[in-house]
Peer 1: 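Can you read through this structure? Questions will come right after.
Fair warning: this is a prediction, and the values are worked out from it, not measured in the lab. Side-chain atoms are counted along with the backbone in the values below, which use heavy atoms only and exclude waters and symmetry mates.
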Amino acid sequence: LADNDGNLHTVWAITERSTLNKVKDLFRDKSLYIADGHHRYTTALQYRELMAKQIGSVSPESPVNFTMMCLTSMEDPGLSVLPTHRLVRFPGSVSVAELTKELSQGFDIEEIKGASREVLIGELLAHMDESSGDNTKYCLYHPGEDRGFYLNSIGDVAKKVLTETQPEELQELDVVVLSEYVLDHLFGLGNERCAEEKLIDYFSDPDEGLDIAVKESIASQDKTPVLFFMNPTPVTQVQRVADRGLVMPHKSTYFYPKILTGLVMNKIIADERVS
């Protein structure tokens, strides 16, 4: 089957007992990282607990002790992690001057000028792709004033703030710097408030985020939409966070390509036993 992006999905069954045993032995002492699908995993655990309550106990061979998954190597060159961009709705009327004044505490700020809106966004994203190094980097677009900026973190300014509340492995994540340092520390928009007032939306497609941000900048009277374009989270950072027993923040990874939902279904039969 082919998906909407033109990726071809092919599945086949491996039934040879010797092959299955070899795979089982290879993974016996290996760690698996849940890079995508943690909600499915949590649901599987809750379902097992529910069934244990209903029938009294669950044997080790019960099908509710198992769940389907797709495994891929972290070193697979076909594995891509795409960024998830943020549309932040700042309460009230917030100008570029006010934004950059606060952001200048932790970032070097460079404005990108002299282009139409679409070309400007393209230049901002291209600037992100060309940049290198360990610093936190964002592109910011203010649709109300049609102005775009490149943000490059200054030294350990943000890290010194995050040290008080975040483990070291999370301090280096761009999404944490944005949520905990930029939004919470600089602008007083904590995670709880952002969730309650629906101040943040997430977009893997920058064009979709741009379209909504521009429309809201025209229609909204009580909020100022601002786009933060993100870099993808490296797979190595995901691994470091997991090795510490920590959980990646909300909407921090978007693995691509996705396996089509519904290619294989696992029917749970009560009296079935999985050897």
Side-chain angles (χ1 to χ4, degrees), residues 83-113 120-121 123-195 197 199-203 206 209 213 223-234 236-238 240-241 244 246 248-253:
T84 301
H85 310 295
R86 270 69 170 159
L87 168 57
V88 181
R89 301 176 179 92
F90 287 86
S93 176
V94 181
S95 66
V96 162
E98 293 171 294
L99 283 173
T100 53
K101 179 182 178 181
E102 294 298 328
L103 289 168
S104 64
Q105 298 179 49
F107 295 87
D108 288 323
I109 303 174
E110 175 187 353
E111 183 170 5
I112 309 298
K113 300 180 179 180
L120 173 60
I121 298 303
E123 290 189 7
L124 287 170
L125 294 174
H127 202 27
M128 293 269 280
D129 290 338
E130 294 168 0
S131 64
S132 60
D134 297 327
N135 288 359
T136 297
K137 300 173 178 66
Y138 308 112
C139 288
L140 179 151
Y141 178 69
H142 190 299
E145 298 186 29
D146 192 23
R147 296 173 68 183
F149 300 84
Y150 179 62
L151 311 179
N152 192 352
S153 63
I154 302 172
D156 294 332
V157 174
K159 190 172 183 178
K160 290 178 180 177
V161 174
L162 297 178
T163 298
E164 301 176 5
T165 59
Q166 300 293 326
E168 183 177 356
E169 288 76 11
L170 295 182
Q171 295 170 22
E172 60 190 41
L173 298 178
D174 289 2
V175 292
V176 172
V177 174
L178 179 62
S179 65
E180 305 300 324
Y181 175 72
V182 174
L183 297 182
D184 191 359
H185 180 72
L186 294 182
F187 293 99
L189 302 178
N191 291 323
E192 186 174 339
R193 182 181 179 185
C194 287
E197 300 181 23
L199 299 182
I200 301 181
D201 272 342
Y202 305 89
F203 300 92
K223 292 183 177 65
T224 302
V226 174
L227 278 170
F228 285 88
F229 294 105
M230 315 289 291
N231 269 321
T233 302
T236 52
Q237 285 190 336
V238 178
R240 283 200 295 272
V241 170
R244 269 289 308 275
L246 302 170
M248 291 291 292
H250 183 56
K251 297 291 185 181
S252 54
T253 57

Peer 1: Kindly compute the distance separating OG1 (T233) from NZ (K251), expressed to the nearest 0.5 Å.
Peer 2: 13.0 Å
Peer 1: Of the non-hydrogen atoms in L87 and A213, which two are nearest, and what is the gap between them?
Peer 2: CD1-CB, 3.7 Å
Peer 1: Q237: which residues meet the side-chain hydrogen bond (donor to acceptor under 3.5 Å, both in side chains) condition with it, sequence neighbours left out?
Peer 2: none
Peer 1: Check V176 against L170 and note the closest heavy-atom contact, atom names and distance.
Peer 2: CB-O, 3.3 Å
Peer 1: Between Y141 and D146, is any side-chain donor less than 3.5 angstrom from a side-chain acceptor?
Peer 2: yes
Peer 1: Counting only N and O atoms by type, is there a donor-acceptor contact under 3.5 Å from the side chain of Q171 to the main-chain atoms of Q166?
Peer 2: yes
Peer 1: OG1 of T165 to CG of L162: how many Å apart, nearest 0.5 Å?
Peer 2: 5.5 Å
Peer 1: Please enumerate all residues that pass salt bridge (charged side-chain N to carboxylate O under 4.0 Å, His left out) together with E197, with sequence neighbours excluded.
Peer 2: R193
Peer 1: Looking at residues at least two apart in the chain, or sitting in another chain, which of them share a ring pair (Phe, Tyr, Trp, His ring centres under 6.0 Å) with F229?
Peer 2: H85
Peer 1: Would you call the rings of F107 and Y138 parallel, tilted or perpendicular if under 30° counts as parallel and over 60° as perpendicular?
Peer 2: tilted
Peer 1: Once rounded to the nearest 0.5 Å, what's the spacing between atom OG1 of T84 and atom OH of Y202?
Peer 2: 9.5 Å
Peer 1: Heavy-atom distance under 4.5 Å between the side chains of L103 and F187, does that happen here?
Peer 2: yes
Peer 1: Decide yes or no on side chain to side chain contact (heavy atoms under 4.5 Å, CB included) for L178 and M230, but give the supporting numbers first.
Peer 2: CA-CA 10 Å; L178 179 62; M230 315 289 291; 3.7 Å; yes
Peer 1: With a 4.5 Å cut-off on side-chain heavy atoms, are T136 and E172 touching?
Peer 2: no
Peer 1: Taking the side chain as every heavy atom from C-beta outward, state whether L199 and K223 have any atom pair closer than 4.5 Å.
Peer 2: yes
Peer 1: Determine whether P206 and L125 make a side-chain contact, defined as any pair of heavy atoms from C-beta on separated by less than 4.5 Å.
Peer 2: yes
Peer 1: Not counting sequence neighbours, which residues clear salt bridge (charged side-chain N to carboxylate O under 4.0 Å, His left out) with D201? List them please.
Peer 2: R89
Peer 1: When you compare the side chain of E180 with that of V182, does any pair of heavy atoms fall below 4.5 Å?
Peer 2: no
Peer 1: For E111 and V96, what are the C-alpha separation, side-chain angles and deciding distance, and is it a side chain to side chain contact (heavy atoms under 4.5 Å, CB included)?
Peer 2: CA-CA 11 Å; E111 183 170 5; V96 162; over 6 Å; no
Peer 1: Heavy atoms, side chains only, cut-off 4.5 Å: are L173 and P249 in contact?
Peer 2: yes
Peer 1: Going from CZ on R147 to OG1 on T100, what distance comes out if it is rounded to the nearest 0.5 angstrom?
Peer 2: 7.0 Å
Peer 1: Can you check whether H142 reaches T224 side chain to side chain, under 4.5 Å on heavy atoms?
Peer 2: yes
Peer 1: Rounded at 0.5 Å granularity, tell me how far CZ in F228 sits from CG in D174.
Peer 2: 12.5 Å
Peer 1: So which heavy atom on L120 is nearest to which on G148, and how close?
Peer 2: CD2-N, 3.8 Å
Peer 1: Under a 4.5 Å cut-off applied to non-hydrogen side-chain atoms, are V241 and V238 in contact?
Peer 2: no
Peer 1: What pair of heavy atoms forms the shortest contact from I154 to D108, and how long is it?
Peer 2: CG1-N, 3.5 Å
Peer 1: Using the salt bridge (charged side-chain N to carboxylate O under 4.0 Å, His left out) rule, collect all pairs that involve residues 148-170, keeping only residues at least two apart or in two chains.
Peer 2: E169-R244
Peer 1: Rounded at 0.5 Å granularity, tell me how far CD1 in I109 sits from OG in S104.
Peer 2: 5.5 Å
Peer 1: Looking at every heavy atom in both L189 and P91, which two are closest together, and how far apart are they?
Peer 2: CD2-CD, 3.9 Å
Peer 1: E98: what forms a salt bridge (charged side-chain N to carboxylate O under 4.0 Å, His left out) with it, not counting sequence neighbours?
Peer 2: none
Peer 1: Taking all non-hydrogen atoms of both residues into account, name the closest pair between P143 and P225 and its distance.
Peer 2: CD-O, 3.1 Å
